Amino acid sequence: MARIAVIGAGMGAMAAAARLAVAGHRVAVYERTDTYGGAVRRFERDGFAFDTGPGLLTLPAVYRDLFVKTGKEPLEDVVELVQVDPAARHVFADGTRVSLPNASRAGVVAALDEALGAGAGQRWGDFLVRAREAWDRTRRPLLEEPLWPDWQVLAAREPYPAVPHKRLLRTRRAGTPAEIGSWELRDERLAALLESHVLGYGLDPRTAPASAAVLPYMEHAFGTWYVRGGIRELARAVYERCLRRRVEFSFGAEVTGILEKDGRAAGVELADGSVAEADHVVADVDPARLRALTEHPLDADGDVRADDPVLPRPGRLTALLALRGGRESGAVHRTVVHAPDAETELDFLASPGGDRPVCPTVTVLRPDDPALRPDEAHESVVVSAVVSAEAAWEDEGTVRSYTDFLLEAAERAVPGLRERLLWHEVRTPVHTEEETGARFGAVPAPALAAGRGRYLYPANTTRLPGLYRVGGWSHPGGGLPHAGMSGALVAGLIVEGPEFRGSQ
Ligand SMILES: Cc1cc2nc3c(=O)[nH]c(=O)nc-3n(C[C@H](O)[C@H](O)[C@H](O)COP(=O)(O)OP(=O)(O)OC[C@H]3O[C@@H](n4cnc5c(N)ncnc54)[C@H](O)[C@@H]3O)c2cc1C
């Protein structure tokens, strides 16, 4: 039995902790804040409750696997998973609206044909077939296996089978989601549909690799899910599973250093000056902050590094809305209100220092869940957008301008919103930084192939033997399922050693 110190109680860290405890290790988690879950939090006031982090779950199989492998009670026995149907309604810049059924190819094709014109559905359906190929080619290395030592192969090879596109005298293939939109989808609204999936993870569809096609594919193939009571319930269930497996948690316990002995990680040092010795240390910490915890180099030349962000650090701006009046029948759980000017939105995201803020693409979540409202005569709504984490979030004017954009967009999804608004609470990347410890409150995207390796994350092992990276800032990147998989990979690497080749 080894002693394992885990830094942080984020979803990736807790997934690793539960698995390691089941393998017979003594696991202690040190969390700097006063609760578990990291980004997966709940805000409560006056009988209203809101998820402040992720509001939906994709790839539930990752958490199903965690619960199967760490105890007899399956995930479905500890939380109620609900399919979100329609998966989303889209309100495009030109006013076109379409509701897309959950995980139904035929349904999506028919809905797009009806809303956008004959042929649109088929083009989207054909795109999903190609996206599936990219998914099949990268699912193992980018989700289920530790980062390949020869990761350059993943970085160099574009797995998305783009359709040859004749332009002037040249034949070209789409290398970005924006090019897939222009050359393969050939409809501004279909292009916006694809781009909103990519942007939703904080990636710029003009520069991300075409392999980002796996992001809409994941949702399409495995569905969009909600956890009754809010996604925070998933964090609670994982935390409770950890407790049942005798993982020990210390809250208000910031790790300020990683102990090293004989060239190995040997424990952690806490802000109160105390020390906890351990045989392995697992860190759910932003890369720059992790580097500050040890003098030992964690990467060498030729390793994937996470210090070169692909956008000026994407974050989230979220408005929690308490509304009087019940949810109307037929209200949709998720509405995506597309930006009136997508190009300007992306320009602003890429260089936030420039002009005045512009209206972003906004996601409106209206879960039909009695646990989130005081009674049937009220409704709680969460409105969010991807924003640059580095904009001036300390400045009230910036926050006000963006809040107005969010409310304006939300009005297109929730009838009579302004008259119904009792109060609202705005959360910026400053809150994310407080809750996750990530610099600037940035939110990591899932790892992607191609793109010269800029969309890969550092390996779960480090150059300091005994120190492992887990969570959204390490392989295979951010998001609930990916962070959960990083937990499985770290547990596998500790239990089976460096020869561990995958979790399935
Ligand atoms: C507003 C928001 C919206 C999001 N929306 C989505 C979404 O729609 N879909 C999706 O899949 N993902 C979404 N995400 C991302 C997703 O929540 C995360 O990728 C996922 O929860 C990853 O968790 P993690 O393991 O990286 O831990 P994190 O959530 O990053 O938590 C890290 C934990 O470690 C602790 N910690 C850090 N440093 C120390 C230290 N030195 N000592 C002790 N403790 C420390 C922190 O306090 C924190 O509790 C969103 C995130 C945010 C913030």
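These numbers come from a predicted model, not from an experiment. Each ligand, and each atom within it, is numbered from 1 in the order the structure gives.
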* Asked: Is there a side-chain contact (heavy atoms from CB on, under 4.5 Å) between Arg19 and Ile494 once you walk through the steps?
  -> CA-CA 10 Å; Arg19 287 174 184 269; Ile494 292 177; over 6 Å; no

| query | Are any of the heavy atoms in Ala253 under 4.0 Å away from ligand 1? | reply | yes

Honestly, for Ala483 the part within reach of ligand 1 (heavy atoms, under 4.0 Å) is side chain

Note: Trp473, heavy atoms under 4.0 Å from ligand 1, region reported as neither

heavy-atom search around atom 26 (O) of ligand 1 in the protein gives Gly472 N, 2.8 Å

protein heavy-atom neighbour closest to atom 15 (C) of ligand 1 works out as Val443 CG1, 3.8 Å

The protein heavy atom nearest to atom 44 (N) of ligand 1 is Arg32 N, 3.1 Å

Contact region, Arg427 to ligand 1, non-hydrogen atoms below 4.0 Å, reads neither

With heavy atoms and a 4.0 Å threshold, my read on which part of Arg316 contacts ligand 1 is side chain

Looking only at non-hydrogen atoms, the one of Thr256, Thr52, Thr436, Leu480 nearest atom 30 (O) of ligand 1 is Thr436

Nearest non-hydrogen protein atom to atom 6 (C) of ligand 1, with distance, is Pro54 CB, 3.4 Å

Check: With the threshold set at 4.0 Å, does a side-chain nitrogen-carboxylate oxygen contact exist between Arg289 and Glu433?
Finding: yes

| message | Please check whether Ala39 reaches ligand 1 - meaning an N/O of the residue sits under 3.5 Å from an N/O of the ligand, judged on distance alone. | response | yes

protein heavy-atom neighbour closest to atom 40 (C) of ligand 1 works out as Ile7 CG2, 3.5 Å

Notebook entry, point to check: Going through the distances and angles, do Arg427 and Thr318 end up as a side chain to side chain donor-acceptor pair (under 3.5 Å)?
Noted result: CA-CA 5 Å; Arg427 301 172 55 86; Thr318 306; over 6 Å; no

Under 4.0 Å between heavy atoms, the region of Asp284 that gets near ligand 1 turns out to be both

Q) Mind checking whether Tyr217 and Trp135 have parallel, tilted or perpendicular rings, split at 30° and 60°? A) tilted

| Can you tell me if Glu219 and Thr58 form a side-chain donor-acceptor pair at under 3.5 Å? | no

Atom 53 (C) of ligand 1: closest protein heavy atom, distance to 0.1 Å, is Thr432 CG2, 3.4 Å

Using a 6.0 Å cut-off, check whether atom CZ of Arg26 has over 12 heavy atoms from anything other than its own residue.
no

Note: ligand 1 atoms sitting under 4.0 Å from heavy atoms of Thr33 are 47 (O)

- Message: Strictly below 4.0 Å, N to O, side chains only: are Asp395 and Arg400 in salt-bridge contact?
- Response: no

Among Ser474, Ala442, Ala283, Gly53, closest by heavy atom to atom 3 (C) of ligand 1 is Gly53

Review point. Considering distance alone, does some N or O of Val255 sit under 3.5 Å from an N or O of ligand 1?
Key: yes

Is there a polar contact between ligand 1 and Gly478, counting only N or O atoms under 3.5 Å apart? no

Given the ring of Trp225, does Arg64 sit roughly above its face, with NZ or CZ under 6.0 Å from the centre of the six-membered ring and within 45° of the axis? yes

So the atoms of ligand 1 within less than 4.0 Å of a heavy atom of Val285 turn out to be 38 (N)

Quiz item: Between Trp423 and Phe50, what is the ring plane arrangement, given parallel below 30°, perpendicular above 60°, and tilted in between?
Solution: perpendicular

Do Arg89 and Thr335 pair up side chain to side chain, a donor and an acceptor below 3.5 Å, judged on atom types alone? yes

- request: Fit a plane to each ring of Trp124 and Phe127, take the angle between them on a 0 to 90° scale, and name the class: parallel (under 30°), tilted (30 to 60°) or perpendicular (over 60°).
  value: tilted

query = Considering distance alone, does some N or O of Gly479 sit under 3.5 Å from an N or O of ligand 1?
reply = yes

**Prompt:** Should the ring pair His197 and His90 be called parallel, tilted or perpendicular, given that the plane angle runs from 0 to 90° and is split at 30 and 60?
**Reply:** tilted

min-distance protein heavy atom vs atom 31 (O) of ligand 1 -> Gly38 CA, 3.4 Å

Between the side chain of Ser211 and the main-chain N/O of Ala449, is any donor-acceptor distance below 3.5 Å?
yes

So, is Gly10 polar-close to ligand 1, with some N/O to N/O distance under 3.5 Å?
no

Ligand 1 atoms nearer than 4.0 angstrom to some heavy atom of Glu435 are 46 (C), 47 (O), 48 (C), 49 (O)

For Thr207 and Arg454, does a side-chain donor sit closer than 3.5 Å to a side-chain acceptor? no

The protein heavy atom nearest to atom 35 (C) of ligand 1 is Glu31 OE1, 3.2 Å

